[in-house]
Amino acid sequence: MGWLRSRRLHYFLGGVAIIFMLLLLLRAVFLFGFSAVTPGVEQSWSLVLETLGIGVRFDLRLAILLMLPVMLLAWLPVWNSLRSSLLRWIGRIYLIVALAVVLLLYIIDFGHYAYLGVRLNASALKFLADAQISQQMLWETYPVVWITLAWLALLLICAGALIGLERLTFNRPAIRIGLWSRIWGSSLMVVLVFLAILGRYTNINLENPVPLRWSDAFFSGDSQLGALGLNPVIFFYDTMGVPQERYDLDQVRRHYPQVSQYLGVAEPDIETLPLARQVPLQPHRLTAEQRPNVVFVMLESLGTTAVGAYGNPLQPTPNLDRLAKQSWFFRHFYVPVTGTAKTVWASITGIPDVSRQETATRNPLITNQHTLINALEGYHKVYTIGGNSGWANMNALIRQSIDGVKLYEEGGWKAKNVDVWGISDLDLFKETDQILRDLPRDKPFFAYIQTAGHHRPYTIPKENDGFQVIDRTLEEVQAAGSQSVAQYNAVRLLDFNIGRLMELAEEGGYLNNTIFVMFGDHNTRIANIDYMKPAFEKLGLESNNVPLLIYAPGLLQPREFEEAVGLADLLPTITSLLGYEYENRTMGRDLLQPAPEGERVVPLVLREGTFPLIGAVTQDFLLQMNYDGTEPSLHDLDSDTPLDNVAEAHPEEYRRLLPLARGLYETSRYMLYENVRD
């Protein structure tokens with residue numbers, strides 16, 4: 001047993017222990033500071049501990065991998081770090097740099113999860129394309145200086161401990177160890193290190209040993225619980241290695257019969273895959289002498305959880321609640337994928353942005369898209385945004401796809417910027433209102449207004465037409481969904497500004513001849529939402545479920561829609577209402593036409609990133625599966641235990657939704673490229 005006294009062994013085990021303890025500390029910080037999991041409340045302790053056990057095995061793997069390079073320097077024959085000060089310094093520098101990178105990735109992971117509710121993955125690289133705006137938003141939102149100091153402090157403590165361990169072990173007098181003892185000890189350590197890196201200790205197939213993988217962390221079916229079992233460094237590395245092919249043509253053809261029926265393709269052909277439909281004049285079109293104006297208002301980060309009309313107990317949105325009673329009000333409206341740029345894409349093109357890494361707006365090969373906005377012949381077209389439309393290259397889509405559009409953005413406003421996202425929403429509404437009033441009256445206008453105020457850093461501008469902040473307790477706002485008092489007041493401010501927009505439209509004389517389409521782009525991070533059905537939080541639907549109001553006081557009678565509808569449906573519905581014949585090449589459908597599949601089905605991406613979780617949602621059910629079609633399950637949205645798979649209890653609904661979930665996802669990937677204009 002003389003090998004147990006080896007200096008190299010003591011250094012290796014001690015170094016792994018130091019790094020492993022650091023990673024465990026960071027895991028505890030995530031659990032108690034950032035995770036949406038409350039052990040013993042919504043998730044049982046047994047499930048939480050099992051998930052944490054998977055995460056701990058990932059942490060041990062990373063600790064060993066980080067120590068292996070310096071151990072190779074120590075195990076070199078003759079010239080090694082026990083004998084050479086140069087090699088010791090090379091090992092020290094490597095460890096310091098490696099730990100600095102690891103700690104930085106953890107910090108980014110914490111912020112990424114706090115912002116999007118998803119662990120760090122390769123899709124986060126999209127923010128590098130807008131590094132200046134991203135950096136400014138981080139600076140205005142987070143205590144960057146204190147975070148940097150904490151990063152340096154942790155780095156110095158760990159580096160000091162490792163260097164001290166090195167001196168304590170390597171500077172000891174050498175002890176002679178017998179040959180057989182070295183062989184036995186080395187063989188045993190190789191096996192133990194192999195098993196630790198593998199992450200599995202039972203049921204190992206020696207011919208094909210499958211290592212512990214990221215998907216193992218999602219064994220429970222709860223995405224938030226699964227996030228607790230990931231290691232952000234290993235997960236980020238795993239997602240970097242996945243090929244990002246454009247689309248799978250075989251899967252598009254396989255599901256074409258169901259998708260073509262869903263879309264209402266008149267002459268389907270599985271060889272040529274036609275998806276376009278000629279839509280004639282509809283009997284439900286408006287019959288006004290002059291076609292009305294249309295205003296799309298994208299409500300930044302506004303989910304149904306924050307709106308009183310959808311059940312928020314604090315009722316922070318009195319203006320939207322009032323408008324809901326006077327509008328076409330949609331109870332079950334979903335954006336197909338979360339994220340501002342992805343919502344802009346889908347609302348303009350009618351195609352869900354199912355890109356797995358960068359947003360579709362960042363792909364220069366596909367930003368010139370067909371859009372039904374161009375079917376609105378005889379309309380002025382205006383797009384306004386308080387900040388820079390170059391964020392995520394949204395301006396490429398807007399300018400290349402919408403013919404004759406006038407884009408107004410940061411640098412062209414009279415008002416001054418209030419934060420990283422540009423001018424305030426109130427100033428944006430006021431200046432947009434003036435633009436619309438100044439347009440020639442010879443034809444109507446289509447305007448798209450992109451708000452940004454309900455977004456970190458939740459700025460309350462000094463000039464706000466008398467809006468008053470309410471200083472509620474943190475417990476009160478968290479019980480009603482908001483993570484902070486600032487977030488709660490940002491919702492109230494957005495609602496206040498919507499009220500002012502309606503007043504401006506009335507003063508400008510165009511309120512009664514305008515269709516206002518108001519919709520959220522995604523939900524922001526939320527706290528407790530006990531007032532919503534359990535399915536929305538358990539299945540992650542709260543991210544995609546956003547408000548939709550179509551408000552036209554002089555044109556449309558109030559109406560409430562219960563069926564599930566999607567963002568891609570907006571433009572076909574409005575185009576039909578306006579009385580146009582048009583060619584529809586995309587996923588959206590007129591909401592006033594019967595759905596060919598029966599009860600309406602909306603495609604979703606429930607978890608973004610390199611390994612998406614996709615689904616198809618109706619008013620009552622959600623079918624979800626991995627992006628490759630594996631592990632499908634059906635869930636009852638009205639159930640108190642929505643994670644239960646009810647496929648056997650509802651076989652007809654399962655069989656109906658199963659091909660649509662995969663087919664609509666794969667066809668959306670295909671459409672992103674097939675909808676490009678020549």
Side-chain angles (χ1 to χ4, degrees), residues 3-27 55-109 120 122 151-152 154-172 174 177 182-183 185-200 209 211-214 230-241:
W3 63 276
L4 289 174
R5 295 184 293 170
S6 166
R7 293 178 293 171
R8 294 179 177 88
L9 177 63
H10 293 170
Y11 175 61
F12 177 71
L13 293 179
V16 168
I18 290 171
I19 298 174
F20 184 54
M21 293 301 294
L22 170 65
L23 299 180
L24 290 182
L25 173 64
L26 294 171
R27 184 166 294 279
V56 167
R57 281 183 273 164
F58 279 125
D59 296 342
L60 180 59
R61 177 190 291 176
L62 180 59
I64 292 173
L65 292 174
L66 289 172
M67 281 299 296
L68 281 179
V70 291
M71 284 312 300
L72 290 176
L73 294 178
W75 267 311
L76 289 172
V78 184
W79 190 56
N80 53 53
S81 53
L82 275 77
R83 300 177 180 179
S84 169
S85 59
L86 174 61
L87 290 182
R88 286 197 190 188
W89 273 108
I90 291 175
R92 292 169 184 172
I93 292 171
Y94 155 76
L95 281 175
I96 291 172
V97 172
L99 285 173
V101 172
V102 167
L103 288 171
L104 182 61
L105 286 175
Y106 267 88
I107 291 171
I108 296 172
D109 173 64
L120 182 66
W151 171 60
L152 290 174
L154 267 179
L155 178 60
L156 290 174
I157 292 171
C158 294
L162 288 168
I163 293 173
L165 173 69
E166 175 212 283
R167 290 171 176 167
L168 182 66
T169 54
F170 285 1
N171 292 345
R172 286 200 325 243
I177 302 172
R182 280 183 285 162
I183 293 175
S186 297
S187 300
L188 180 60
M189 286 305 300
V190 167
V191 172
L192 291 176
V193 168
F194 171 78
L195 290 175
I197 292 176
L198 190 69
R200 300 186 188 277
L212 188 72
R213 290 175 173 163
W214 67 269
L230 298 175
N231 178 289
V233 178
I234 293 175
F235 187 62
F236 182 78
Y237 176 81
D238 287 344
T239 60
M240 288 285 290

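Predicted, not measured: the structure shown is a model, and the values here were computed from it. Residues take their numbers from the sequence shown, with the count starting at 1.
- Side chain of W151 to main chain of I107: no donor-acceptor pair is present (N/O by atom type, distance under 3.5 Å, no hydrogens or angles).
- Residues L13 and M189 form a side-chain contact, since some pair of their non-hydrogen atoms from C-beta on lies under 4.5 Å apart.
- Taken from OG in S84 to CG in L87, the straight-line distance is 4.0 Å, to the nearest 0.5 Å.
- Taking both residues in full, the closest heavy atoms of V70 and G91 are given as CG1-O, 3.6 Å, listed atom of the first, atom of the second, then distance.
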Problem set entry | Evaluation steps, side-chain contact (heavy atoms from CB on, under 4.5 Å), between L72 and L76 | CA-CA 6 Å; L72 290 176; L76 289 172; 5.8 Å; no
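- To the nearest 0.5 angstrom, S81 atom OG is 10.5 Å from W75 atom CH2.
- Contact check for F235 versus L105: no side-chain heavy atoms found under the 4.5 Å cut-off.
- In this structure the side chain of F58 never reaches within 4.5 angstrom of the side chain of L23, judged on heavy atoms.
- Within 6.0 Å of CH2 on W89 lie no more than 12 heavy atoms contributed by other residues, nucleotides or ligands.
- In this structure, the side chain of R7 does not engage the main chain of T169 through any donor-acceptor pair within 3.5 Å.
- Residues L73 and I90 have side chains in contact (heavy-atom distance under 4.5 Å, counting atoms from C-beta outward).
- Between L212 and L198 there is no side-chain heavy-atom pair separated by less than 4.5 Å.
- Partners of N231 under the side-chain hydrogen bond (donor to acceptor under 3.5 Å, both in side chains) rule, at least two apart in sequence or in another chain, are D59, Y106.
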Exercise. Going through the checks in order, is the side-chain contact (heavy atoms from CB on, under 4.5 Å) test met by I234 and L65?
Worked result: CA-CA 11 Å; I234 293 175; L65 292 174; 5.5 Å; no
For this session: Run the numbers on L103 and L22 for side-chain contact (heavy atoms from CB on, under 4.5 Å), then give the verdict.
Result: CA-CA 9 Å; L103 288 171; L22 170 65; 4.0 Å; yes
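- Taking the side chain as every heavy atom from C-beta outward, N80 and R8 approach each other to under 4.5 Å.
- Using a 4.5 Å heavy-atom cutoff, the side chains of L95 and M67 are in contact.
- Every residue was checked against the side-chain hydrogen bond (donor to acceptor under 3.5 Å, both in side chains) condition with R57, not counting sequence neighbours, and none meets it.
- Closest non-hydrogen pair, R61 versus P211, comes out as NH2-CB, 3.8 Å.
- Counting non-hydrogen atoms of neighbouring residues, nucleotides and ligands closer than 6.0 angstrom, the CZ atom of R167 reaches no more than 12 such neighbours.
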N/O donor to acceptor pairs below 3.5 angstrom from side-chain atoms of residues 154-166, sequence neighbours left out:
unit_1: E166; atom_1: OE1; unit_2: R92; atom_2: NE; d: 3.1
unit_1: E166; atom_1: OE2; unit_2: R92; atom_2: NE; d: 3.2
unit_1: E166; atom_1: OE2; unit_2: R92; atom_2: NH2; d: 2.6

For this session: Show the numbers, then the answer: is there a side-chain contact (heavy atoms from CB on, under 4.5 Å) between Y94 and L66?
Result: CA-CA 9 Å; Y94 155 76; L66 289 172; 4.2 Å; yes
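- To the nearest 0.5 Å, the span separating CD1 on I19 from CD1 on I64 amounts to 10.0 Å.
- By the 4.5 Å heavy-atom criterion applied to side chains, V56 and F20 are counted as neighbours.
- Between the CZ atom in R27 and the CG atom in L24 there is a gap of 8.0 Å [rounded to 0.5 Å].
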